[in-house]
Amino acid sequence: MSTDPAESIARHIVRHLVRGLGKTEGEGVPLQKLRHWWVLSLGQRGDAFDLGLDYASHCQWVAHGPDGMILLTDLGSTKGGRPS
């Protein structure tokens, strides 16, 4: 398991996209919906979400799409489907 908090948060976000929301490659959700889930539903800090999302973007697990959408990539789909 990674000791990098950003990687752990990124994995959590990607798992939520795949397992929680049933998204596959090329599908996504609005950034605000993901942020709402992280901050309000889980009670986590918004800056931690930004850190994790940035990490996931740099790893090419997610991509920023048009109109504030966060899209799952092939790498993200694979990463999110693996048990941790």
Side-chain angles (χ1 to χ4, degrees):
M1 180 131 205
S2 170
T3 57
D4 183 353
E7 181 178 354
S8 295
I9 294 165
R11 287 178 186 270
H12 197 71
I13 291 169
V14 169
R15 279 193 307 267
H16 178 65
L17 284 168
V18 174
R19 298 182 201 166
L21 299 176
K23 301 301 178 187
T24 59
E25 178 184 359
E27 296 180 332
V29 297
L31 174 62
Q32 281 305 105
K33 182 175 181 175
L34 265 183
R35 184 180 299 283
H36 181 274
W37 160 77
W38 182 260
V39 175
L40 296 180
S41 297
L42 297 182
Q44 300 294 319
R45 293 185 359 239
D47 58 338
F49 173 81
D50 293 334
L51 186 66
L53 189 61
D54 186 52
Y55 187 96
S57 295
H58 280 88
C59 290
Q60 299 179 353
W61 297 346
V62 298
H64 292 272
D67 299 326
M69 294 290 289
I70 299 299
L71 306 174
L72 194 62
T73 66
D74 180 50
L75 290 171
S77 182
T78 300
K79 182 67 69 180
R82 289 187 192 148
S84 50

Gap separating the CD atom of Glu27 from the OG1 atom of Thr73, nearest 0.5 angstrom:
12.5 Å
Closest non-hydrogen atom pair, Gly65 against Leu71
CA-CD1, 3.8 Å
Assess the residue pair Arg11 and Trp61 against the criterion (side-chain contact (heavy atoms from CB on, under 4.5 Å)); give the C-alpha distance rounded to whole Å, side-chain angles, the decisive distance to 0.1 Å, and a yes or no.
CA-CA 9 Å; Arg11 287 178 186 270; Trp61 297 346; 4.0 Å; yes
What is the minimum heavy-atom distance between Leu75 and Cys59, and which atoms define it?
CD1-O, 3.8 Å
Lys23 and Leu72 have their tightest heavy-atom pair at O-CD2, 3.5 Å
List the steps, then state whether side-chain contact (heavy atoms from CB on, under 4.5 Å) holds for His16 with Trp37.
CA-CA 9 Å; His16 178 65; Trp37 160 77; 3.3 Å; yes
Measure the CZ-CG distance between Arg15 and Leu21 for me, rounded to the nearest 0.5 Å.
13.5 Å
Backbone of Asp4 reached by a side-chain donor or acceptor of Glu7 within 3.5 Å:
no
With distance as the sole test, does Thr78 use its side chain to make a donor-acceptor pair with the main-chain N or O of Asp74 at under 3.5 Å?
yes
Would you confirm whether the ring centroid of Trp38 sits within less than 6.0 angstrom of the ring centroid of His12?
yes
Taking all heavy atoms of Leu53 and all of Ile13, pick out the closest pair and write down the distance.
N-CD1, 3.9 Å
Report yes if some heavy atom in the side chain of Gln32 is under 4.5 Å from a heavy atom in the side chain of Arg35; otherwise report no.
yes
Minimal non-hydrogen separation, Met69 against Pro30, with atom names:
SD-N, 3.5 Å
So which atom in Leu51 and which in Ala6 form the shortest heavy-atom distance, rounded to 0.1 Å?
CG-CB, 3.7 Å
How long is the gap from CG on Leu31 to CD1 on Ile70, to the nearest 0.5 Å?
5.0 Å
